[in-house]
Amino acid sequence: NDLHKQELLFDRRRFYSVLEDNGIPVPNYMVLNAEDIPKSIIDEQEDYMEINGRRIAKPLVEKPVSGEDHNIYIYYPRSLGGGSKRLFRKVGDRSAQYHKDEHTTRCHDGGSYIYEELLQTEGTD
């Protein structure tokens, strides 16, 4: 019941930092903070996303920095069919929806996000 540590879980940036500080592997990732967007150089292409010179190839995962926000998107390169899958808290029997024509991330909507490589699970997810 340590509220300080519970708050740590609600900020994915801080949580990833703690994992790294303790030698726990995390996926290759980059952070886009809302307050940094005006001075950030963002290059989003069909096959990758680059923020200030750091590049992650698609498929990539976009997570709001708030751990309480479960609206997580996965973006696919055109070579894998393109589009995006939106993950959300389960509603009825669904927890995801594929959008074949939506390719652009939310990087310009004023929010803060973590972008990370999609780890292939070979069907074990």
Side-chain angles (χ1 to χ4, degrees):
N1 290 338
D2 185 338
L3 291 179
H4 175 70
K5 289 202 171 122
Q6 182 178 352
E7 289 174 7
L8 173 84
L9 296 174
F10 293 147
D11 186 331
R12 289 187 170 107
R13 295 168 292 199
R14 291 179 54 208
F15 186 69
Y16 278 39
S17 180
V18 169
L19 291 174
E20 291 174 314
D21 290 347
N22 287 283
I24 299 169
V26 296
N28 180 27
Y29 74 96
M30 54 193 180
V31 177
L32 181 63
N33 293 310
E35 60 273 8
D36 297 334
I37 290 173
K39 57 187 174 197
S40 293
I41 300 170
I42 301 168
D43 182 15
E44 185 175 2
Q45 301 294 325
E46 284 184 5
D47 296 327
Y48 67 86
M49 181 167 189
E50 188 172 298
I51 300 172
N52 299 324
R54 276 198 74 184
R55 180 182 292 194
I56 294 182
K58 292 180 181 177
L60 64 80
V61 181
E62 176 186 67
K63 297 178 180 179
V65 297
S66 171
E68 294 185 273
D69 187 341
H70 296 274
N71 294 302
I72 296 172
Y73 295 5
I74 302 171
Y75 297 93
Y76 298 95
R78 202 160 297 282
S79 64
L80 293 177
S84 61
K85 184 183 290 185
R86 300 184 177 193
L87 311 177
F88 44 84
R89 282 192 183 264
K90 193 169 188 173
V91 177
D93 64 345
R94 298 181 65 192
S95 61
Q97 185 171 10
Y98 178 69
H99 297 266
K100 68 177 184 166
D101 296 321
E102 297 189 27
H103 310 280
T104 6
T105 67
R106 296 175 284 177
C107 67
H108 296 291
D109 74 356
S112 295
Y113 297 98
I114 290 181
Y115 295 93
E116 66 183 45
E117 64 184 335
L118 177 66
L119 299 177
Q120 299 301 324
T121 61
E122 300 179 19
T124 58
D125 54 343

Quick check for you: to the nearest 0.5 Å, what is the distance between I56 atom CD1 and M30 atom CE? 4.0 Å
Please examine the side chains of Y16 and K63, heavy atoms only from C-beta on, and report whether any two atoms are closer than 4.5 Å. yes
Output for pair (H70 NE2, F88 CZ), nearest 0.5 Å, gives 13.0 Å
Same cluster (ILVMFWY, side-chain, under 4.5 Å), I37 and Y115: yes
In short, S112 meets A34 closest at the heavy-atom pair OG-N, 2.7 Å
Atom of Q45, atom of K58 and distance for their closest heavy-atom approach: O-NZ, 3.0 Å
For S40, what residues pass the side chain to side chain contact (heavy atoms under 4.5 Å, CB included) criterion, not counting sequence neighbours? L32, D36, I42, N52
According to a hydrophobic-cluster definition based on side-chain heavy atoms being under 4.5 Å apart (Ile, Leu, Val, Met, Phe, Trp, Tyr only), do V31 and F15 belong together? yes
Between P59 and P77, is there a side-chain heavy-atom distance shorter than 4.5 Å? yes
Between atom CD1 of I74 and atom CD of E116, what is the distance when rounded to the nearest 0.5 Å? 9.5 Å
Testing the basics here: between G83 and H103, what is the closest heavy-atom pair and its distance to 0.1 Å? N-ND1, 3.0 Å
Could you give all pairs that pass the salt bridge (charged side-chain N to carboxylate O under 4.0 Å, His left out) test and reach residues 93-107, with sequence neighbours left out? E62-R106, R86-E102
For Y29, which residues count as a side-chain hydrogen bond (donor to acceptor under 3.5 Å, both in side chains) partner, sequence neighbours excluded? E20
Using the rule that two of Ile, Leu, Val, Met, Phe, Trp, Tyr join whenever any of their side-chain heavy atoms come within less than 4.5 Å, decide whether L19 and L9 are in one cluster. yes
Please determine whether the number of non-hydrogen atoms from other residues, nucleotides or ligands lying under 6.0 Å from atom CD1 of I24 exceeds 12. yes
Kindly indicate, with the supporting measurements, whether the criterion side-chain contact (heavy atoms from CB on, under 4.5 Å) is fulfilled by Y73 and H99. CA-CA 10 Å; Y73 295 5; H99 297 266; over 6 Å; no
What heavy-atom pair brings P64 and I72 nearest, and what distance separates the two atoms? CD-CG1, 4.3 Å
Atom pair CZ/CG of R55 and D47 - distance to nearest 0.5 Å: 9.5 Å
Can you list the residues that meet the side-chain hydrogen bond (donor to acceptor under 3.5 Å, both in side chains) rule with D69, with sequence neighbours excluded? N71
Which value, rounded to the nearest 0.5 Å, describes the distance between I114 atom CD1 and D11 atom CG? 7.5 Å
Quick note, salt bridge (charged side-chain N to carboxylate O under 4.0 Å, His left out) partners involving residues 22-32, not counting sequence neighbours, are none
Sequence neighbours excluded, which residues qualify as side-chain hydrogen bond (donor to acceptor under 3.5 Å, both in side chains) partners of E117? none
R12 and S66: which non-hydrogen atoms are nearest, and at how many Å? NH1-O, 2.9 Å
For the side chain to side chain contact (heavy atoms under 4.5 Å, CB included) test, which of V61, T105, L118 pairs with Y75? T105
Looking at side-chain heavy atoms only, is the closest gap between V91 and R89 below 4.5 Å? no
Output for pair (L60 CG, Y76 OH), nearest 0.5 Å, gives 10.5 Å
